[in-house]
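The next block holds one structure in the form of structure tokens; read it before the comments.
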Amino acid sequence: MKKKVLVVGAGKTGITTANFLANLGLEVTLNDKNKIKDTFKIHRKVKIVDNGHYEKIFKESELIVVSPGVNTKKLKWLKDKVVIGDIELFSWFDESKVIAITGTNGKTTTTYLTGEILKQKYNVFVGGNIGTPALARFLPFEEYQYSVLELSSFQLETIDKFYADFAVILNITPDHLDRYETFDEYVQAKLNILKNQKISQYVILNKDYPMLNNLTIEGKSVYFQRNSILTNNSINVIFQDKKLSLDINKIKLKGRHFYEDIYVASLLGLINDVSEDEIKDVVYNFKGLEHRLEFVMEKDGISYYNDSKSTTVSSTCRAVESFSENVILILGGVYKGESFKKLLNYKNIKEIVCYGEAAKIILSDLKKRKPVRKNNLEEAVFYAESIAEKGEIILFSPACSSFDMFNSYMERGNFFKKIVTDNNIQR
Ligand code: UMA
């Protein structure tokens, strides 16, 4: 392996990568365009270069590992260099069976649930875009039988030889159009998950998406479709002679789109010999993840839901579709390049309230629905409360990223919950 390594980006991924490589005894430089904060402990042998990407350090390195947030097209020093991401590096060292899950929406829920199901029988690592960098699997080293990885398009851009024993694409709708010039460029990054697939491996794809339908696939393909998953109030999962029927009345997650995530996680469980009872046990006890259509509380007959993780219009559409009741929808944050017009299709949206940098575009795209603009999230919630009636839903599903006013979607979701639950705030 190359000896002089440059790690670009000093967030979670970069610091984990630098520490992992330093433990191997390599000469590691960690570089960030900003000042490097000591949020995570950095190995004492890692050399730090911050406040800019300088040509010299790129030229001197034999291998460059970039973090997912680094747009490689913007770094001119990268040309003619070996550039990989942490997922490729993971594959050079990992010996477990890998389940890789990508898609625009639902990948975190599916990854988490798949991990929980497999843990019924095996020693499992769960990581990737879900929040724990894949290389954390080696710090400290443990023997895992399976690694379940959530992979983003950014992470898939920088793989070379990586392959998964089970590769899943849940769906592909426009996202990250602030990084990709075209939707097709984003689709191609997602499809990279299949590029090294071998005949003995599995590929699980959603037939509802045309770009996933006519692919030449090396591997055993299993297709699913939203409309064929559900019959007689049950999610039916079949694999060879195994058959699992999940009663939707026993599932705690609200929202039809979750059925696809549950289907895929259960299918992965069945294929890998987890028993039907063990799968049922996990699925029926799963209450969902924080910030993903999370029920906050009911106040004066009005129910509040926190869906701060939604940074795309398609994800907000999925959230709105989950309710038959009237919804007052709060949108806003940083515009990611996708039109909001799809939201005009929903009759159960009673009113739209918007705030933040994207508000101007929301007002223009959705003008038929006369959205109301507020200065910030707090004012948006107060306004939503003032017009909501008993039995209605206040849904915070922003369809934008959070960075105009918050450091992350988590901070934004926690702030929303605080506004909703804090009785002392002046309305
Ligand atoms: N930086 C540079 N140069 C650049 C760009 C960024 O130096 O050109 C620096 C920043 O100053 C910062 C660091 O890079 O210090 C941030 O790196 P990063 O953006 O790659 O973030 P990490 O903290 O390493 O988190 C990443 C993922 N972030 C992104 O893809 C933007 C996390 O996904 C993921 O959980 C984590 O790795 C572990 O794998 C977050 C995300 O928003 C949740 N993902 C997108 C999404 O889900 O839509 C793809």
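In each ligand, atom 1 is the first atom listed, and ligand 1 is the first ligand listed.
Interface atoms of ligand 1 facing A10, defined by a heavy-atom separation under 4.0 Å, are 13 (C), 14 (O), 15 (O). Annotation for ligand 1: atoms under 4.0 Å from non-hydrogen atoms of G131 are 35 (O). Taking every non-hydrogen atom of G9 and a distance limit under 4.0 Å, the qualifying atoms of ligand 1 come out as 7 (O), 9 (C), 14 (O). Those atoms of ligand 1 that come under 4.0 Å of a heavy atom in Q155, given as number and element, are 39 (O). Residue contact check: P68 has heavy atoms under 4.0 Å from atoms 20 (O), 26 (C), 30 (O), 37 (O) of ligand 1. Heavy-atom contacts of S152 reach the following atoms of ligand 1: 49 (C) (cutoff under 4.0 Å). When each atom of ligand 1 is checked for a heavy atom of F154 under 4.0 Å away, the hits are 30 (O), 49 (C).
Residue S67 places no N or O, backbone or side chain, under 3.5 Å from any N or O of ligand 1. The shortest N or O to N or O distance between G128 and ligand 1 is below 3.5 Å. Checked by distance only, ligand 1 and N34 come closer than 3.5 Å through their nitrogen or oxygen atoms. Ligand 1 has no N or O atom lying under 3.5 Å from any N or O atom of V70, backbone or side chain. Looking at N129 next to ligand 1, an N or O pair under 3.5 Å apart turns up. The shortest N/O to N/O separation between D86 and ligand 1 does not fall below 3.5 Å. Considering backbone and side-chain N/O atoms, K33 comes within less than 3.5 Å of an N/O atom of ligand 1.
Cation-pi check for R226 over Y259 is not met; the charged atom does not lie both under 6.0 angstrom from the ring centroid and within 45 degrees of its normal. Figure legend: cation-pi geometry between K207 and Y223, with NZ or CZ positioned under 6.0 Å from the six-membered ring centre and within 45° of its axis. Geometrically, K252 does not engage Y284 in a cation-pi contact defined by less than 6.0 Å to the ring centre and at most 45° from the axis. A cation-pi contact, defined as under 6.0 Å to the ring centre and within 45° of the axis, links K198 to Y163.
Contact annotation for atom 14 (O) of ligand 1: protein present (non-hydrogen atoms, distance under 4.0 Å). There is a protein heavy atom less than 4.0 angstrom from atom 39 (O) of ligand 1. Distance remark: protein heavy atom present below 4.0 angstrom from atom 7 (O) of ligand 1.
Residue-environment remark: CD (E142) exceeds the threshold of 12 foreign heavy atoms within 6.0 Å. Other residues, nucleotides and ligands contribute over 12 non-hydrogen atoms within 6.0 Å of the NZ atom of K220.
For atom 26 (C) of ligand 1, the closest heavy atom belonging to the protein is T13 OG1, 3.4 Å. Regarding atom 21 (O) of ligand 1, its nearest protein heavy-atom neighbour is G11 CA, 4.8 Å. Nearest non-hydrogen protein atom to atom 23 (O) of ligand 1 is K12 N, 3.0 Å. For atom 9 (C) of ligand 1, the closest non-hydrogen atom on the protein side is D32 OD2, 3.1 Å. The closest protein non-hydrogen atom to atom 3 (N) of ligand 1 is H53 NE2, 2.8 Å. Distance from atom 31 (C) of ligand 1 to its nearest protein heavy atom, with residue and atom name: G69 CA, 4.1 Å.
Each of F396, Y305, F323 was evaluated against F295; a single residue qualifies, Y305, per the ring-ring contact (aromatic ring centres under 6.0 Å, His included) test. None of F239, Y202, Y146 except one satisfies the ring-ring contact (aromatic ring centres under 6.0 Å, His included) rule with F166; the exception is Y202.
Ligand 1 has at least one atom lying under 4.0 Å from a heavy atom of H176. Residue contact check for ligand 1: K37 places no non-hydrogen atom closer than 4.0 Å to it. Ligand 1 does not have T311 within reach: every non-hydrogen atom of the residue lies 4.0 Å or more from it.
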From CA spacing to verdict: side chain to side chain contact (heavy atoms under 4.5 Å, CB included), S314, N105: CA-CA 8 Å; S314 57; N105 299 305; 3.0 Å; yes

Intermediate values then yes/no, salt bridge (Lys or Arg N to Asp or Glu O under 4.0 Å), E278 and K119: CA-CA 10 Å; E278 284 168 326; K119 279 177 192 171; over 6 Å; no

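Between I101 and L170, some side-chain heavy-atom pair lies under the 4.5 Å cut-off.
Evaluation of the side-chain hydrogen bond (donor to acceptor under 3.5 Å, both in side chains) rule for N306 yields H291, E294 as partners, not counting sequence neighbours.
Rounded to the nearest 0.5 Å, atoms CD (E157) and CG (L151) are 12.5 Å apart.
Between K336 and D175 there is a salt bridge, since a side-chain N of the basic residue sits under 4.0 Å from a carboxylate O of the acidic one.
Under the 6.0 Å cut-off for aromatic ring centres, F20 and F93 qualify, their centroids lying closer than that.
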